[in-house]
Amino acid sequence: MTRTVGQVRADVEEASRWLAGRVVRTPVLRSPVIDGLAGARVLLKAENLQHGGSYKMRGALRAVGRLAAAGHTGVIAQSTGNHAVAVALAAGQHGLAATVVLPVDAASTKVDRARAAGARVVFAGTSVEERVAVANGLSDESGHPVVDAYDHPDVIAGQGTASLELIEDAERVGTPLDVLVVPVGGGGGVAGACLAAAGSGIEVYGVEPVGCDSLARSLAAGVRVPVAPAPTIADGLRPSCVGELPFAIVRDTLRGVVRVDDDEIAAAFRLILTELKVLAEPSGAAGLAGALRLPPDGDRQRTVGVVLTGGNVEAALVARLMAPRSADLAAEGAAA
């Protein structure tokens, strides 16, 4: 029997209760400068401060915890990095073996974190299809289940708890959300956000890098549409196709998708670091970039919630994104 959205939302609430005390209830941050640029009250959920450096810990811990309770002795995961790190950490907490499949060009920060958590790291090509094939083969050999990065109900419910906490915290301080914005890779996080916001009247938007917009194209077509992901600094938002389960959840509940380019993501990254004094990775900063693109709602000041999904970023990329740009240097020289 098909479950209603309300029934599936209950999974997010149940996951939230189970995760209480197991994950960090991350702070909600705000900046007058960001509010002014957005023309809205912007509340940013700092999941870059989560265990493992991203909100992926929520879904991984929920899924791995249930597999451990069912008697499994190991798990396998594939991702560009954050989900793999989270699964490795979750497996370690439950005494399970973990094998993670990463692309050959994975960020060394994420590779090192996965290994430090005790995972066996296997490299496979640069596409999600190559990683999935290797992960499935390893699962067949070992008998260990694959914890999918976004096409998994427990992962979606766990990811959704970040949005649920943001909704609750905004209500607690008297500024209930009108809008909720979440970056989109495979769609698990934004699907969880839609479930968390079900029945509340909150409009949920996804954010995708230009050229990595499988969800936007899928919503327009009414069916899942794969893309050949374009290069982007948001390495965590480059799947070739939105997940089947996430798409089934968001297709009738998502308000829309905002496409952002690398310049907009980089500008949001700098804003987060300079105004909020926290480090987000470009994939996490994409949510703020999207929020800054939302049109104003007349004269009414809306409250916009943004999930800063992660903070695992290479030092060299931080230096490059924070380096003065040639146009800025030219302007400074002219002013002098």
Side-chain angles (χ1 to χ4, degrees), residues 26 29 31 34 44-57 78-86 88-89 100-117 121 123 125-128 131 149 181-186 189 207-213 229-239 258-293 306-329:
T26 52
L29 308 177
S31 158
I34 292 175
L44 298 109
K45 177 74 165 167
E47 283 294 296
N48 52 313
L49 303 178
Q50 187 55 258
H51 295 315
S54 83
Y55 80 151
K56 295 286 188 178
M57 191 66 197
Q78 68 77 24
S79 81
T80 56
N82 280 342
H83 176 68
V85 171
L89 287 168
V100 299
V101 183
L102 298 174
V104 295
D105 57 354
S108 60
T109 299
K110 296 175 182 179
V111 175
D112 293 344
R113 278 180 173 263
R115 284 182 171 144
V121 176
F123 295 100
T126 58
S127 71
V128 65
R131 297 196 304 274
V181 182
V182 182
V184 176
V207 180
E208 292 182 306
V210 171
C212 303
D213 54 350
T232 175
I233 59 173
D235 66 303
L237 308 181
R238 297 185 67 246
V258 182
R259 296 176 175 92
V260 293
D261 61 29
D262 274 4
D263 286 344
E264 291 170 308
I265 295 171
F269 170 91
R270 288 189 288 272
L271 269 176
I272 292 165
L273 188 55
T274 58
E275 296 300 326
L276 301 177
K277 314 305 180 189
V278 298
L279 181 64
E281 61 190 277
S283 297
L288 176 57
L292 294 173
R293 288 280 307 276
V306 178
V307 181
L308 298 181
T309 51
N312 294 323
V313 57
E314 301 283 272
L317 180 56
V318 174
R320 178 160 67 88
L321 294 177
M322 292 303 295
R325 292 162 294 174
S326 57
D328 295 336
L329 291 174

Peer 1: Tell me if a side-chain donor or acceptor on N312 pairs with a main-chain N or O of K110 at a distance below 3.5 Å.
Peer 2: no

Peer 1: Let me confirm one number: the CG-CD1 distance from D261 to I233, rounded to the nearest 0.5 Å.
Peer 2: 9.0 Å

Peer 1: Are side-chain heavy atoms of S79 and L102 found at a separation under 4.5 Å?
Peer 2: yes

Peer 1: Do R113 and L89 pass the side-chain contact (heavy atoms from CB on, under 4.5 Å) test, and can you show the C-alpha distance, the side-chain angles, and the key distance before you say yes or no?
Peer 2: CA-CA 9 Å; R113 278 180 173 263; L89 287 168; 5.8 Å; no

Peer 1: Given side chains that start at C-beta, do those of F269 and V318 come closer than 4.5 Å, heavy atoms only?
Peer 2: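 SC-SC contact between F269 and V318 confirmed.
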
Peer 1: Looking only at non-hydrogen atoms, find the nearest pair between R131 and V101 and report the distance.
Peer 2: CD-O, 3.7 Å

Peer 1: Would you find a donor on one side and an acceptor on the other, under 3.5 Å apart, between the side chain of T309 and the backbone of Y55?
Peer 2: no

Peer 1: Short question: side chain of R293, backbone of V258 - any donor-acceptor pair under 3.5 Å?
Peer 2: no

Peer 1: Looking only at non-hydrogen atoms, find the nearest pair between S283 and A234 and report the distance.
Peer 2: OG-C, 3.3 Å

Peer 1: Looking only at atom types and distance, does a side-chain atom of K45 sit under 3.5 Å from a main-chain N or O of T26, one as donor and one as acceptor?
Peer 2: yes

Peer 1: L321 and R270: which non-hydrogen atoms are nearest, and at how many Å?
Peer 2: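 Distance-wise, the nearest heavy atoms are O-NH1, 2.8 Å.
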
Peer 1: Starting at OG1 of T274, measure out to NZ of K277 and round the result to the nearest 0.5 Å.
Peer 2: 6.0 Å

Peer 1: Ignoring hydrogens, what is the shortest heavy-atom contact between G185 and L237? Give both atom names and the distance.
Peer 2: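 Nearest pair, atom of G185 first, then L237: N-CD2, 3.8 Å.
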
Peer 1: If you look at every heavy atom in G287 and V306, which pair is closest and at what distance?
Peer 2: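 In this case the closest contact between G287 and V306 is C-CG1, 3.6 Å.
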
Peer 1: Looking only at the side chains, is there a donor atom on one of T126 and D105 sitting less than 3.5 Å from an acceptor on the other?
Peer 2: no

Peer 1: Which heavy atom in V207 sits nearest to a heavy atom in A286, and how many Å separate them?
Peer 2: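 The answer is CG1-O, 3.2 Å.
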
Peer 1: Check step by step if side-chain contact (heavy atoms from CB on, under 4.5 Å) holds for V313 and L279.
Peer 2: CA-CA 8 Å; V313 57; L279 181 64; 3.6 Å; yes

Peer 1: Answer yes or no: is there a side-chain heavy-atom contact under 4.5 Å between R115 and V111?
Peer 2: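 In contact.
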
Peer 1: Should P282 and L317 count as side-chain neighbours, where that means a heavy-atom distance under 4.5 Å?
Peer 2: yes

Peer 1: Looking only at side chains, do E47 and S54 share a donor and an acceptor under 3.5 Å apart?
Peer 2: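 Distance-only check fails for E47 and S54.
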
Peer 1: Please assess T80 against D235 for the test side chain to side chain donor-acceptor pair (under 3.5 Å), listing each intermediate value before the final yes or no.
Peer 2: CA-CA 7 Å; T80 56; D235 66 303; 4.5 Å; no

Peer 1: Side chains of V210 and V260: does their closest heavy-atom pair fall under 4.5 Å?
Peer 2: no

Peer 1: Are V100 and Q78 close enough, and set up right, to give a side-chain contact (heavy atoms from CB on, under 4.5 Å), and what steps lead you there?
Peer 2: CA-CA 5 Å; V100 299; Q78 68 77 24; over 6 Å; no

Peer 1: Would you call N48 and E281 a side-chain contact if the rule is heavy atoms closer than 4.5 Å?
Peer 2: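 A side-chain contact under 4.5 Å is absent here.
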
Peer 1: Answer whether the closest heavy-atom distance between the side chains of L288 and L44 falls below 4.5 Å.
Peer 2: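 Side chain of L288 against side chain of L44, heavy atoms only: contact under 4.5 Å found.
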
Peer 1: May I ask you to decide if I272's main-chain N or O and E275's side chain share a donor-acceptor pair within less than 3.5 Å?
Peer 2: no

Peer 1: Is the shortest side-chain heavy-atom distance between P209 and R259 below 4.5 Å?
Peer 2: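 No; the side chains remain at least 4.5 Å from each other.
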
Peer 1: Atom CG in L29, atom CG in L49: separation rounded to 0.5 Å?
Peer 2: 7.0 Å

